[in-house]
Amino acid sequence: VKFGWAVNNDSVPDTEANKFENYYPGDEYVDYVGVDGFNFNDGEWETWESVFDDALTRVGRYPKPIFIFSTASAPGPQKAQWISDGFGKQIKRHRNVIGFIWFNENKEKDWRINSDPNSLAAFKQVISQW
């Protein structure tokens, strides 16, 4: 059994007491650290960097392999580019990231990787480079 410690990419509320570092159970209990983060596109398109850079840098301080445990992008004309840029380029700046899990559901938004042909093509392209 392996234990993965997953945190949200941002704290809500964003207070000192709510920072995820306050809740790390310890290296002896954790095998992987990870981040959940989404481009919700609630009025403004979120870049991959704005979703992940800070949180990945912070979990990168722990001596553990990193996963993005849950991610997706809301639909929109920029979704394919978000996938290509984020998982084809930006993720490589975080060397300890060893994998990610795409939240592939059509719920409050169509998070599916195949929500449009361009997004599916972008995903296939980045996966072929992993």
CA sep, side-chain torsions, deciding dist, call: Asn39, Trp48, side-chain contact (heavy atoms from CB on, under 4.5 Å)
CA-CA 7 Å; Asn39 172 20; Trp48 195 93; over 6 Å; no

With heavy-atom distances below 4.5 Å as the criterion, would you say the side chains of [X] and [Y] are in contact?
{"X": "Phe38", "Y": "Val51", "value": "no"}
{"X": "Val7", "Y": "Tyr23", "value": "no"}
{"X": "Trp130", "Y": "Phe100", "value": "yes"}

Quick note, salt bridge (Lys or Arg N to Asp or Glu O under 4.0 Å) partners involving residues 30-54, not counting sequence neighbours, are Asp42-Lys109, Asp53-Arg93, Asp54-Arg58

Tell me which pairs pass side chain to side chain donor-acceptor pair (under 3.5 Å) where either residue lies in [range], with sequence neighbours left out.
{"range": "residues 118-129", "answer": "Asp116-Ser119"}
{"range": "residues 95-108", "answer": "Glu108-Trp111"}
{"range": "residues 79-89", "answer": "Lys79-Ser115, Asp85-Gln90"}
{"range": "residues 7-18", "answer": "Asn8-Asp10"}

Applying ring pair (Phe, Tyr, Trp, His ring centres under 6.0 Å), can you list everything that pairs with Phe67, at least two apart in sequence or on another chain?
Tyr32, Phe69

Test Tyr29 against Trp5 for side-chain contact (heavy atoms from CB on, under 4.5 Å), laying out the working first.
CA-CA 9 Å; Tyr29 302 105; Trp5 184 65; over 6 Å; no

Quick check for you: to the nearest 0.5 Å, what is the distance between Phe123 atom CZ and Ile83 atom CD1?
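Answer rounded to 0.5 Å: 7.5 Å.
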
Dump the intermediate steps for side-chain contact (heavy atoms from CB on, under 4.5 Å) on Ser73 and Phe103, then the final yes or no.
CA-CA 9 Å; Ser73 176; Phe103 182 78; over 6 Å; no

Test log, rule side-chain contact (heavy atoms from CB on, under 4.5 Å), inputs Ile66 and His94:
CA-CA 9 Å; Ile66 301 170; His94 301 277; 5.9 Å; no

